[in-house]
Protein chains: 2
Amino acid sequence: MATCARCGKELVLPGRGRRPLYCSRSCQARAYRARRSVVVTPVREQRGEAGLSRELIVRTAVRIADADGLESLSMRHVASALGVKVMSLYNYFAGKEELIDLMVEAVFADGLDSGPPIRGGWRAELEAAARWEWEIYSAHPWLLEVIATVRPPLVPSLLARFERGLGAFDGLGLDPVTTHRLYLGVSGLVQGLALLRVSEIAAGRRGGGISLSQWRAVTVPAVYEKLGAGRYPRQSALRDSPDVLADLEEIFTINLRIMLDGLAGFVETA
Amino acid sequence: MATCARCGKELVLPGRGRRPLYCSRSCQARAYRARRSVVVTPVREQRGEAGLSRELIVRTAVRIADADGLESLSMRHVASALGVKVMSLYNYFAGKEELIDLMVEAVFADGLDSGPPIRGGWRAELEAAARWEWEIYSAHPWLLEVIATVRPPLVPSLLARFERGLGAFDGLGLDPVTTHRLYLGVSGLVQGLALLRVSEIAAGRRGGGISLSQWRAVTVPAVYEKLGAGRYPRQSALRDSPDVLADLEEIFTINLRIMLDGLAGFVETA
DNA sequence: AGGACATGACGTACATCGTAAGGAGGCAGA
DNA sequence: TCTGCCTCCTTACGATGTACGTCATGTCCT
């Protein structure tokens, strides 16, 4: 009397080979899913057949996150953008976290190998790395939300970028730990300034249909007013200054220069 | 024939005064809630009566967020920590966003007026402001998540901090726009480096019960391995370096010094 | 004194989220 | 034709934020 290889129920039909037997196709499918663990092998994709694929799903998810922000990146949203039902996505990813990991990987890998390595000494190389990171956060603001809320995305392409950034310090005679610290500083400055853009964009989205400047025009004076006119003279002096979002490139440029100046002093004395 | 002041239905009983009349207690309550708009006036609280209060709720929410992170800050969680049902909280806040605003306000206001203003020139003042911001993000890692995902929290205490920070540049002869840019640079560096801590902590929480170092020990070599041993020599050299989390104070100190050095050069030539 | 209003705690209900569990059926090889 | 591999699907669950309405208190005016 043979039994089902998964649920143990007795089988009416005796098995003919030495393969496992299942009491139903459901039991068989479930055993299959348990067997293949987390890593999905996209077979159809290799054969170039139509239908879903990890890459297609990731591209769609990135497009949604770019346009509407991370908060509207729901599995249902992605699925419906692909004309597919939600649970179909789970044939390609273990869950939303893995999808986001792959989104990060895809974005950081984009253009990774393009162009020759920058020449011109550590300063030019570092500046190039910083500008590249800056532009990625500009194009994909959700990246910083992921970094801030979810995890340090230890994806290969990010490690590659990191490695290239560390390489800027080659030949300066610094020890690895110091190199690491310095590069984290430059990268931190970029990320911190990029946060300005992210939060401004998020604020704009939150304001409903109104533009950012309209939103600011409403709330900022209200806050100032509530606290007394003369209490914040320095910020009041900024009322007619360019909007932070409009001034962002200038802010980035001037502060990157300052940081690199400081670094120059450091490597000279070291 | 009088009508309900809210829903317009005809009333059977004619009104006797000139007050608005309502067709039911529900209509009256709803009109009341609409009338008091967003700002809630906590009357009981003033009288020192027991029960809920905005401040108590905010304190509880901050405690939860400090301990378990922003993602486990749910209204139900806060309510149950207070021994209260969920909807009771909505008598004190328009919604979760307002609660979070007040959490930010409370945290930034804490210790705002303590101590005399720092003397010792712009550099000492800036450094003090940066260190203070750094410590706040250390104590309340969820703050950066709020900044990154939700909104620029234009709460009064934050504006006050900002104003004080801008004040460090007083007397240097810089124009307001430049001052603004420079301060955003220092603050950006602090926030960017603080992101390191936030993401490390989030990663640790994500790993379930295991500690951060255990998690790293598992995943980081796995990533390295998958990509070939010699492909990331500079990061491989860091394998035995102190953990980022352990090294964070050093990373902050050295990079703040570098940034301030760069700033010194800037203000001298300006 | 009596009734209208202010205030706050609560129950119910709903849409949306991630995703676990399992079923239906196309496909390829035996 | 059968069997296992693989994909897509339906159903369902628990958690979330919160709209709406109800009830029980106070408080105050007449």
Side-chain angles (χ1 to χ4, degrees), chain A residues 5-7 13 15-36 40-47 49-54 71-80 82-100, chain B residues 5-7 11 13 15-36 40-47 49-54 57 71-80 82-100:
Chain A
R6 183 178 156 75
C7 61
L13 306 172
R16 262 167 294 199
R18 66 190 61 85
R19 311 256 195 89
L21 294 176
Y22 301 101
C23 62
S24 68
R25 293 181 77 103
S26 296
C27 257
Q28 178 246 327
R30 210 176 149 184
Y32 161 67
R33 276 191 281 265
R35 202 177 322 127
R36 99 181 142 175
V40 182
T41 49
V43 174
R44 295 264 162 98
E45 190 176 349
Q46 300 281 3
R47 292 193 232 118
E49 296 182 25
L52 292 179
S53 71
R54 276 158 79 100
E71 75 181 1
S72 30
L73 183 80
S74 72
M75 298 300 271
R76 285 169 227 262
H77 193 156
V78 174
S80 90
L82 286 163
V84 144
K85 303 293 179 180
V86 203
M87 293 312 292
S88 304
L89 302 180
Y90 285 83
N91 286 308
Y92 297 86
F93 310 99
K96 197 184 184 184
E97 290 201 348
E98 192 180 300
L99 171 59
I100 292 181
Chain B
R6 190 186 146 69
C7 61
L11 297 176
L13 307 171
R16 262 167 295 201
R18 66 189 60 85
R19 309 250 200 93
L21 293 174
Y22 301 101
C23 61
S24 68
R25 295 180 76 108
S26 296
C27 256
Q28 178 243 327
R30 215 178 146 186
Y32 161 66
R33 277 192 277 264
R35 198 180 323 127
R36 91 181 150 178
V40 182
T41 50
V43 173
R44 297 259 162 100
E45 189 177 349
Q46 299 282 1
R47 293 192 233 117
E49 295 183 26
L52 293 178
S53 70
R54 276 159 78 102
I57 298 173
E71 74 181 3
S72 33
L73 183 80
S74 72
M75 298 300 271
R76 284 170 227 262
H77 193 159
V78 173
S80 90
L82 287 162
V84 144
K85 303 295 180 175
V86 205
M87 293 313 292
S88 304
L89 302 179
Y90 285 84
N91 286 310
Y92 297 87
F93 311 98
K96 196 183 185 185
E97 290 201 349
E98 193 180 298
L99 171 59
I100 293 181

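All figures in this text were calculated on a predicted structure; none of them were measured in a lab.
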*Straight-line distance of A/Leu73 CG to A/Met75 CE, nearest 0.5 Å*: 8.5 Å
*Could you state the atom-to-atom distance from CG of A/Asn91 to C1' of D/dC9 in whole Å?*
10 Å
*asked:* Applying a 4.0 Å non-hydrogen cut-off, can you work out what A/Val86 is touching in the nucleic acid: base, sugar-phosphate, or nothing?
replied: base
*Provide, to the nearest angstrom, the distance between the CG atom belonging to B/Leu89 and the P atom belonging to C/dA9.*
9 Å
_Can you measure A/Glu71 atom CD to C/dG18 atom P for me and round it to whole angstrom units?_
12 Å
*Taking atom P of C/dG23 as reference, at what distance in whole Å does atom CE of A/Met87 sit?*
15 Å
Which atoms of nucleotides 13-16 of chain D (N or O only) lie under 3.5 Å from a protein N or O atom, and what are those distances?
{"residue": "D/dT16", "atom": "OP1", "partner": "B/Ser74", "partner atom": "OG", "Å": "3.3"}

_Whole angstroms only, please: what is the OH-P distance between A/Tyr90 and C/dC17?_
11 Å
*Would you please confirm or rule out a distance under 4.0 Å between OP1 or OP2 of D/dT7 and any side-chain N or O of A/Ser88?*
no
*Considering non-hydrogen atoms only, spot the tightest contact between B/Phe93 and B/Glu98 and give its length.*
CA-OE2, 3.8 Å
*Between A/Leu89 and A/Leu99, does a side-chain contact (heavy atoms from CB on, under 4.5 Å) hold up when you go through it step by step?*
CA-CA 9 Å; A/Leu89 302 180; A/Leu99 171 59; 5.7 Å; no
*Return no unless some side-chain N or O of B/Tyr92 is found under 4.0 Å from OP1 or OP2 of C/dA9.*
yes
*Let me know the distance between NZ of B/Lys85 and P of D/dC23, rounded to the nearest Å.*
18 Å
_Set of residues satisfying side-chain contact (heavy atoms from CB on, under 4.5 Å) with respect to B/Ser74, sequence neighbours excluded_ = B/Arg76, B/His77
